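This report refers to the structure that appears directly beneath it.
Computed from a predicted structure; not experimentally measured. Note on naming: letters A, B, ... go to the chains in the order of the sequence lines (proteins, then strands), and numbering restarts at 1 for each one.
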Amino acid sequence: MNKYYLTTPLYYVNAAPHIGHTYTTMAAETIARFKRMQGYDAVMFTGTDEHGQKVERAAEAIGKSPQEFTDLISAEFRAQWEKLNIRVDRTIRTTDPRHRKVVQWLFQRCLDNGYIYKGSYSGQYCVYDELYVNEAKPGDPCPECGRTTETVTEENYFFKLSAFTEKLIELYESQPDFIQPETRRNEVLSFVRAGLNDLSISRTTLKWGIPLPVEGKHVFYVWFDALIGYMTAVEDGGFERTGLWPADLHLIGKEIVRFHAVFWPAFLMAACLPLPRRVFAHGWLLFENDKMSKSRGNIVRSEPIRQVMGADALRYFLLREIVFGQDGSFSFDALITRYNSDLANGLGNLASRTLTMITQYRKGAIPEGSDPAIAELAAGTIKTVQETFDRFEFSKGLEAIWALISAVDKFIVTMAPWKLARDAGGDAQQNLNRTLYTAAEALRIVTALLSPVLPLSAPKIWTQLGMKDSIESVTFATLAWGGLPAGQQIGEVSGVFPRIELKEGVAKMRELEEKVSAEQAALLGKKPEAAEAAPGSPKIAIDDFGKVDLRVGLVLQAERVKGSDKLLHLKVDLGEAQPRTIVAGIAEAYTPEQMLHRKVVIVANLQPRKLKGIESNGMIVAASVEGGKPVLAGFHEDIPVGARLK
RNA sequence: GGCGGUGUAGCUCAGCUGGCUAGAGCGGCGGUCUCAUAAUCCGCAGGUCGGGCGUUCGAGUCGCCCCGCCGCCA
């Protein structure tokens, strides 16, 4: 049997898992299940990247050792996958001793082949990202995170990346699908064509890393260490033993394309090792069209969704709603709407009505007969799903499956089996048989096709259809119309996707979200409010605070200020005779549309000030952290315009 | 700034090498059946296809310019 080894990234453990991690991992595991249906021996990998400065510091911040800290977080990741019904076949923690051996071994091969040299770097360095910022001047911010860079002079080991410029271009050209989707490939190509500089792969500024097998106190740059985890996980004391390397697919987010499509193949080339076959970068999951980030405080976790909707609902939503490869928007509203219309009203209802009719009209025994039009459509659907999923076009494949579901619903209405059931004459009973079989067989095929996407629910429908063999034994080689045995007794019928009331569901998930994020914070030893509180503010008396007139305002108008990226021109109702004109530096965080009709907190007695020629009569109150964008203060309950904060 | 991408009904998007009255799903509105999860099914909703100029018998579909948004530029 052909193997298919695929990986998620090694998740960095400086923070707890969230829905973004879930997205990648669910997509990967769906591919694994799909590949198994195609007859491959699919091997699913996920793991954790545990070294580096950020982890060292995050651990220190809560008074734990890096090892204690990573033990905690990596366990959290593993627990997450288990809860979400994600089967992991291979995994690695980069702090595992056997990983250290593989990293050093691979480094040695690069060294022996002449691709490593000792050099020194003098210039700007971002400690947070462990990144050398070549073109920056002292005091410049880091292009990744915006933090101020530090000037360092350091002796490092360098990887001769420059030697691979041509070889990499050759790789991308000879294997056009090495990087997907196309836009990412274009980016990488233009990046590499511009010429590659050598890459520093060691650090002496931190301890929490794998030591280089050389003199001195060098530890590996976290990315050199991490990428090799894909290999360690299938090493087993020799790659021949598992036969799993090279990987067939690295599934990643678009932010780490360069590491996977440029550095990683270069490292492997230098070590004379086989290259992965493909790197696929998916897009970002936005929350209500905003980037999720800690500084915005809008990170969504999977656990509340799982508790309210089930893991399958989330997986279905992510794969159906978002075009794989592009950015996509997540919201609780969209999730429930999608669930109700597709899973409850579509699939769930079809299962329910079909199985109930077989119970009522045929005492639970599947009758004989078949409708050629539906049979043909189903055959086409099987083909389409295979083709689209092969290209990771999940949304298209799922759309095709729902076209079949819809056709069966129409077919049922056309045949009106409930009328046939009351008709003893003519062909009525035969037509009823044909209708019931057709619906049930279509349901069986739909269920089988959906099993990679609905790994918990599909088996339930499968069992209700009375199928004896496990759904996991179904392959595309055998899946065809007519596979449902006539005469088969169906199982006990029960609803698989109960409808979820929109408002209640959203409220429930939001409530749980707060609970879960508090739990995560507790796990990390953080006190809820302790997040980077401004240090050393002098104490003030209550009178001092009383001088500040804070009022609730309603944004009536909002537009960008011409010639400025940061400013918004707002008209805000403070309950006064005239709305106020306020210019706020929040345009990088909020669009005018988002501001409209929003209740905000305004400093109402600030001296007027002219910004870009517009007089601003007040200031909008927002919180921000170093390097992050401002987040507006707001209220959970309703409050009239003009109310004073005191 | 350079390179790449993108802007189509309220929302999410299809529309390949240019050609019948511009489509789908969801939402909305009206109706229907009753097997079913207040589900299904049927009908309706009239969007300057970002803007302009051009090529063409004919342009969301090609070219140029402009505007907006996104990504990459170590």
Side-chain angles (χ1 to χ4, degrees), chain A residues 123 126 129 131-136 142-144 161-162 165 179 181-200 223 253-255 257-259 261-263 281 283-284 286 288-289 291 317 320-323 325-331 333-334 336-362 393 395-396 398-400 402-403 405-422 432 435-436 439 443 493-502 560 562 591-593:
Chain A
C126 173
D129 288 315
L131 198 68
Y132 290 97
V133 189
N134 289 323
E135 76 288 3
C142 166
E144 289 294 317
L161 187 61
S162 57
T165 305
I179 316 163
E182 195 73 20
T183 61
R184 304 275 96 90
R185 179 171 180 268
N186 291 343
E187 285 173 8
V188 169
L189 256 171
S190 67
F191 172 74
V192 175
R193 279 189 178 134
L196 297 166
N197 288 344
D198 291 347
L199 186 72
S200 163
W223 272 104
K254 65 180 182 180
E255 71 282 3
V257 166
R258 185 186 309 158
F259 301 103
V262 182
F263 299 172
W284 278 342
L286 309 173
E288 292 170 351
N289 292 318
K291 191 178 164 183
F317 176 86
R320 173 63 186 84
E321 186 90 359
I322 299 163
V323 177
Q326 295 178 20
D327 287 355
S329 186
F330 176 87
S331 73
D333 268 38
I336 294 182
T337 303
R338 185 54 88 173
Y339 171 93
N340 279 337
S341 74
D342 292 7
L343 294 177
N345 299 351
L347 176 60
N349 183 55
L350 177 63
S352 171
R353 70 196 304 203
T354 301
L355 294 167
T356 303
M357 285 192 284
I358 290 172
T359 305
Q360 287 180 8
Y361 304 149
R362 289 297 178 258
E393 294 172 351
S395 56
K396 268 194 190 169
L398 292 170
E399 205 177 320
W402 259 263
I405 290 174
S406 174
V408 176
D409 270 332
K410 281 184 184 56
F411 170 74
I412 290 173
V413 170
T414 310
M415 298 303 288
W418 46 92
K419 282 182 188 158
L420 296 173
R422 288 183 238 114
L432 177 57
T435 307
L436 295 179
L443 180 64
V493 182
S494 74
V496 183
F497 299 109
R499 276 185 68 85
I500 295 175
E501 213 279 313
L502 183 65
R560 290 183 187 282
K562 277 182 193 147
T591 64
E593 292 72 37

Under 3.5 Å: donor-acceptor pair, side chain of [X], backbone of [Y]:
X: A/Thr359; Y: A/Leu355; result: yes
X: A/Asn197; Y: A/Leu161; result: no
X: A/Tyr361; Y: A/Pro417; result: no
X: A/Thr356; Y: A/Arg353; result: no
X: A/Trp284; Y: A/Gly253; result: no
X: A/Asp327; Y: A/Gly283; result: no

In whole Å, what separates the [atom1] atom of [N] from that of [M]?
N: B/rA38; M: B/rG28; atom1: P; value: 16 Å
N: B/rU21; M: B/rC62; atom1: C1'; value: 24 Å
N: B/rC3; M: B/rU61; atom1: C1'; value: 24 Å
N: B/rG7; M: B/rG52; atom1: C1'; value: 16 Å
N: B/rC44; M: B/rG5; atom1: C1'; value: 37 Å
N: B/rA9; M: B/rG47; atom1: P; value: 10 Å
N: B/rG15; M: B/rC33; atom1: C1'; value: 35 Å
N: B/rC29; M: B/rG18; atom1: P; value: 42 Å

Give the ring-plane orientation class for A/Trp223 versus A/Phe259, where under 30° counts as parallel, over 60° as perpendicular and anything between as tilted.
->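 Taking A/Phe259 first and then A/Trp223, their aromatic rings lie parallel (interplane angle under 30°).
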Quick one: do A/Glu187 and A/Arg184 make a salt bridge, cutoff under 4.0 Å?
-> yes
[X] [atom1] - [N] [atom2] separation (whole Å):
X: A/Trp418; N: B/rU32; atom1: CH2; atom2: C1'; result: 11 Å
X: A/Glu182; N: B/rC3; atom1: CD; atom2: C1'; result: 15 Å
X: A/Glu187; N: B/rA74; atom1: CD; atom2: C1'; result: 13 Å
X: A/Asn186; N: B/rC72; atom1: CG; atom2: C1'; result: 10 Å
X: A/Ile405; N: B/rG25; atom1: CD1; atom2: C1'; result: 13 Å
X: A/Arg184; N: B/rC3; atom1: CZ; atom2: C1'; result: 14 Å
X: A/Arg422; N: B/rC35; atom1: CZ; atom2: P; result: 6 Å
X: A/Asp342; N: B/rG25; atom1: CG; atom2: P; result: 12 Å

Starting from the 5' end of RNA chain B, give me the residue, A/Tyr361 or A/Thr183, whose nearest nucleotide shows up first.
-> A/Thr183
Under a 3.5 Å limit for both distances, which nucleotide forms a Watson-Crick or G-U wobble pair with [N], could you say?
N: B/rC11; value: B/rG25
N: B/rG60; value: none
N: B/rC3; value: B/rG71
N: B/rC41; value: B/rG31

Where does B/rG10 land, syn or anti, given syn is within 90° of 0?
-> anti
Every protein N/O within reach of nucleotides 36-40 of chain B N/O, cut-off under 3.5 Å:
{"residue": "B/rA36", "atom": "O3'", "partner": "A/Ser352", "partner atom": "OG", "Å": "3.2"}
{"residue": "B/rA36", "atom": "O2'", "partner": "A/Asn349", "partner atom": "OD1", "Å": "2.8"}
{"residue": "B/rA36", "atom": "O2'", "partner": "A/Ser352", "partner atom": "OG", "Å": "2.9"}
{"residue": "B/rA36", "atom": "N3", "partner": "A/Asn349", "partner atom": "ND2", "Å": "3.3"}
{"residue": "B/rA36", "atom": "N3", "partner": "A/Arg353", "partner atom": "NE", "Å": "3.4"}
{"residue": "B/rU37", "atom": "O2", "partner": "A/Phe497", "partner atom": "O", "Å": "3.1"}
{"residue": "B/rU37", "atom": "O2", "partner": "A/Arg499", "partner atom": "N", "Å": "3.3"}
{"residue": "B/rU37", "atom": "N3", "partner": "A/Phe497", "partner atom": "O", "Å": "2.6"}
{"residue": "B/rU37", "atom": "O4", "partner": "A/Gly348", "partner atom": "O", "Å": "3.0"}
{"residue": "B/rU37", "atom": "O4", "partner": "A/Phe497", "partner atom": "N", "Å": "3.3"}
{"residue": "B/rA39", "atom": "O2'", "partner": "A/Asn345", "partner atom": "O", "Å": "3.4"}
{"residue": "B/rA39", "atom": "O2'", "partner": "A/Asn349", "partner atom": "ND2", "Å": "3.1"}
{"residue": "B/rU40", "atom": "O2'", "partner": "A/Arg353", "partner atom": "NH1", "Å": "3.0"}

Using a heavy-atom cut-off of 4.0 Å across all strands, would you classify [X] as base, sugar-phosphate, or nothing?
X: A/Gly328; result: nothing
X: A/Asn197; result: base
X: A/Leu196; result: base

Measure all distances between protein nitrogen or oxygen atoms and nitrogen or oxygen atoms of nucleotides 9-17 of chain B, and list the pairs falling under 3.5 Å.
none

Would you say the side chains of A/Thr414 and A/Lys410 form a donor-acceptor pair under 3.5 Å?
-> no
Taking the side chain as C-beta and beyond, is there a heavy-atom pair between A/Val257 and A/Val188 under 4.5 Å?
->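 Of all side-chain heavy-atom pairs linking A/Val188 with A/Val257, at least one is under 4.5 Å.
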Given side chains that start at C-beta, do those of A/Leu286 and A/Phe330 come closer than 4.5 Å, heavy atoms only?
->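 A/Leu286 does not reach A/Phe330 side chain to side chain.
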